[in-house]
Amino acid sequence: MAPLEGDTAVLTVQRQGDSQAGLPSGPFDPSIDRTFELALRAFVTSQTGLGMGFVEQLYTFGDAGRETPQAQLGTEKTGRVVSVGYLALAPVAVETTGEEALWRAWGEFFPYEDWRKGRPAVIDEIIGPWLAHWTGDDHQRRARAEALFALSDRSAWRDERVLERYELLYETGLAYEAARDRGQAPPQEARRVGLPLRSDHRRIMATGLGRLRGKLRYRPVIFDLLPAEFTLSQLQRAVEAVTGQPMHKQNFRRGVERAGLVERTGRLDTATGGRPAELFRRRSEIAGEAQTLGLALPIQR
């Protein structure tokens, strides 16, 4: 993931012959590749031209049937496909060399996750009615739907539950991939709840976004999405772009100062188009420490 025009973007690849884009991916050959990570770096660079910095292992995806509908390599069907996912962050959505590679805002795949301009209309117009029909008189189903999508006054939006929300949409048939994987025509409403990706790559993306949102609260990973020097407004916008929620400006700045995560550079940013803003950098003392300091997230309701 990387910043792109004020948003957080994900690098996708549209392979020749595929009807849908996916995440950069490739096979692991134990006779050639010494580690999973080295294999990852090699095929991402070959597909996109992107040289990767820090990466961390995300999750191992091996559910039965997850390879649908890509279960072929050449002319022979594969067996069960197991994928090891990685999360990588970059401060700039650098230009890629692969014609098939494209940076896309995560909101294109999960529009219901973006609350920066208020409650997304798609929740009340599409998702709420769809889930109401699915729940019927089942109280457990209703409680689950309400809790995940904040469909009642009793339920608060929890931004880190990205994967659970996507899996509910898949289970109920509203996610485009659900109909595709069952060999059915997707409902007309499916496109309104996000662009599909090949195989189960949207589920993998949801896992990564949820992990990143959760990490903000206990590790300063947001700095991996920022240049070396930044204004506090840029820091706030980066946090909002990841969480999909607006932050209370003054409370956010007080929280950053109390956490001691940044320090002043003594310089001003004159490229803001208005009043010059003070530039900050990540406090050098915490760069080598066990990173257990997160950000307070004063969400503006």
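On a predicted model such as this, the values are computed, not experimentally measured, just so you know.
- Val221 and Val162 fall within a single hydrophobic cluster, where Ile, Leu, Val, Met, Phe, Trp and Tyr side chains are chained together by heavy-atom contacts under 4.5 Å.
- Hydrophobic clustering (side-chain heavy atoms under 4.5 Å, transitive across Ile, Leu, Val, Met, Phe, Trp, Tyr) keeps Leu163 apart from Leu148.
- Atom CZ of residue Arg264 and atom CD of residue Glu278 lie 4.5 Å apart, to the nearest 0.5 angstrom.
- A donor-acceptor distance shorter than 3.5 angstrom exists from the side chain of His201 to the backbone of Leu23, with no hydrogens or angles considered.
- Listed by chain and number, the residues in a side chain to side chain contact (heavy atoms under 4.5 Å, CB included) with Ala238 are Ile222, Leu226 (sequence neighbours excluded).
- Considering all non-hydrogen atoms of both residues, Glu229 and Gln234 come closest at O-OE1, 4.4 Å.
- Glu177 is not listed as a side-chain neighbour of Arg203, based on a closest heavy-atom distance of 4.5 Å or more.
- By the side-chain hydrogen bond (donor to acceptor under 3.5 Å, both in side chains) test, Arg211 is found to be paired with no residue, residues two or more places apart in sequence or in another chain being considered.
- Between Tyr166 and Phe109, a ring centre-to-centre spacing not shorter than 6.0 Å is recorded.
- For the pair Arg213 and Trp106, the distance from NZ or CZ to the six-membered ring centre is under 6.0 Å and the angle to the ring normal is within 45 degrees.
- Contact annotation: the side chain of Tyr86 never approaches that of Leu58 to less than 4.5 Å [non-hydrogen atoms, C-beta and beyond].
- Within the model, atoms CG of Asp269 and CZ of Phe230 stand 12.0 Å from one another, a figure rounded to the nearest 0.5 Å.
- Across all their heavy atoms, Arg34 and Leu38 have their closest contact at NH2-CD1, 3.5 Å.
- Between Glu100 and Arg15 there is no salt bridge, since no side-chain N of the basic residue sits under 4.0 Å from a carboxylate O of the acidic one.
- The CG atom of Leu235 lies 11.5 Å from the CZ atom of Arg282; values are rounded to the nearest 0.5 Å.
- Taking a cutoff of 4.0 Å between a charged side-chain nitrogen and a carboxylate oxygen, Asp159 and Arg217 qualify as a salt bridge.
- The line from CG of Leu212 to OG1 of Thr207 is 12.5 Å long, rounded to the nearest 0.5 Å.
- Distance alone, capped at 3.5 Å, is enough to place a donor-acceptor pair between the Glu240 side chain and the Met247 backbone.
- Contact record, Val44 with Thr48: O-OG1, 2.7 Å, taken as the closest heavy-atom pair.
- For the pair Glu164 and Arg158, the salt-bridge criterion is not met [side-chain N within less than 4.0 Å of a carboxylate O].
- Hydrophobic clustering of Ile, Leu, Val, Met, Phe, Trp and Tyr side chains at less than 4.5 Å, counting indirect connections, unites Val92 with Leu11.
- With Arg283 contributing its side chain and Gly260 its backbone, the two residues share a donor-acceptor pair below 3.5 Å.
- Between the CG atom in Leu195 and the CZ atom in Phe110 there is a gap of 10.5 Å [rounded to 0.5 Å].
- Scanning both residues, Ala178 and Gly173, for their nearest heavy atoms gives CB-CA, 4.0 Å.
- Counting only distance, with no hydrogens or angles, the side chain of Gln14 and the backbone of Asp18 share a donor-acceptor pair below 3.5 Å.
- With salt bridges taken as basic N to acidic carboxylate O contacts below 4.0 Å, one links Asp7 and Arg116.
- Phe28 CZ: more than 12 foreign heavy atoms inside a 6.0 Å radius.
- Considering every non-hydrogen atom in both Trp134 and Glu171, the closest pair reads CZ2-OE2, 3.5 Å.
- Under the side chain to side chain contact (heavy atoms under 4.5 Å, CB included) rule, Ile126 has a single partner from Arg191, Glu189, Gln188, which is Glu189.
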Salt bridge (Lys or Arg N to Asp or Glu O under 4.0 Å) between Glu37 and Arg41, intermediate numbers included: CA-CA 6 Å; Glu37 185 176 323; Arg41 292 178 181 277; 2.9 Å; yes
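- A distance-only check finds no donor-acceptor pair linking the side chain of Glu146 to the backbone of Arg154 [under 3.5 Å].
- Annotation: the span from Ser155 atom OG to Arg144 atom CZ amounts to 13.5 Å, rounded to 0.5 Å.
- Side chains of Arg198 and Ser25: a donor on one and an acceptor on the other come within 3.5 Å.
- Thr231 places a side-chain heavy atom less than 4.5 Å from the side chain of Leu279.
- Between the side chain of Thr45 and the main chain of Ala42, no donor-acceptor pair closer than 3.5 Å is present.
- Contact annotation: the side chain of Leu209 approaches that of Met1 to within less than 4.5 Å [non-hydrogen atoms, C-beta and beyond].
- Side chain of Ser83 to backbone of Gly85: no donor-acceptor contact under 3.5 angstrom is found.
- Taking a 6.0 Å sphere around CD of Gln184, one finds it holds more than 12 heavy atoms contributed by other residues, nucleotides or ligands.
- Checked by atom type and distance alone, the side chain of Thr12 pairs as donor or acceptor with a backbone atom of Leu102 at under 3.5 Å.
- Proximity of Leu131 to Leu168: side-chain heavy atoms (C-beta onward) are separated by under 4.5 Å at one or more points.
- One hydrophobic cluster holds both Val239 and Val256 under the rule that ILVMFWY side chains link at heavy-atom gaps under 4.5 Å.
- Residues passing the side chain to side chain contact (heavy atoms under 4.5 Å, CB included) test with Arg119 are Trp115, Ile123, Asp124, Ala150, Leu151, sequence neighbours excluded.
- Heavy atoms from other residues, nucleotides or ligands lying under 6.0 Å from CG of Asp29 number more than 12.
- Considering every non-hydrogen atom in both Pro91 and Pro227, the closest pair reads CB-N, 4.2 Å.
- The closest side-chain heavy-atom distance from Phe223 to Val262 is below 4.5 Å.
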Derivation and outcome, salt bridge (Lys or Arg N to Asp or Glu O under 4.0 Å), residues Arg165 and Glu113: CA-CA 9 Å; Arg165 281 188 283 272; Glu113 295 286 345; 2.7 Å; yes
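- Cluster annotation: Val10 and Tyr176 are assigned to distinct hydrophobic clusters (Ile/Leu/Val/Met/Phe/Trp/Tyr, side-chain heavy-atom contacts under 4.5 Å, transitive).
- Remark: the Tyr170 side chain and the Asp181 side chain contain an N/O donor-acceptor pair separated by less than 3.5 Å.
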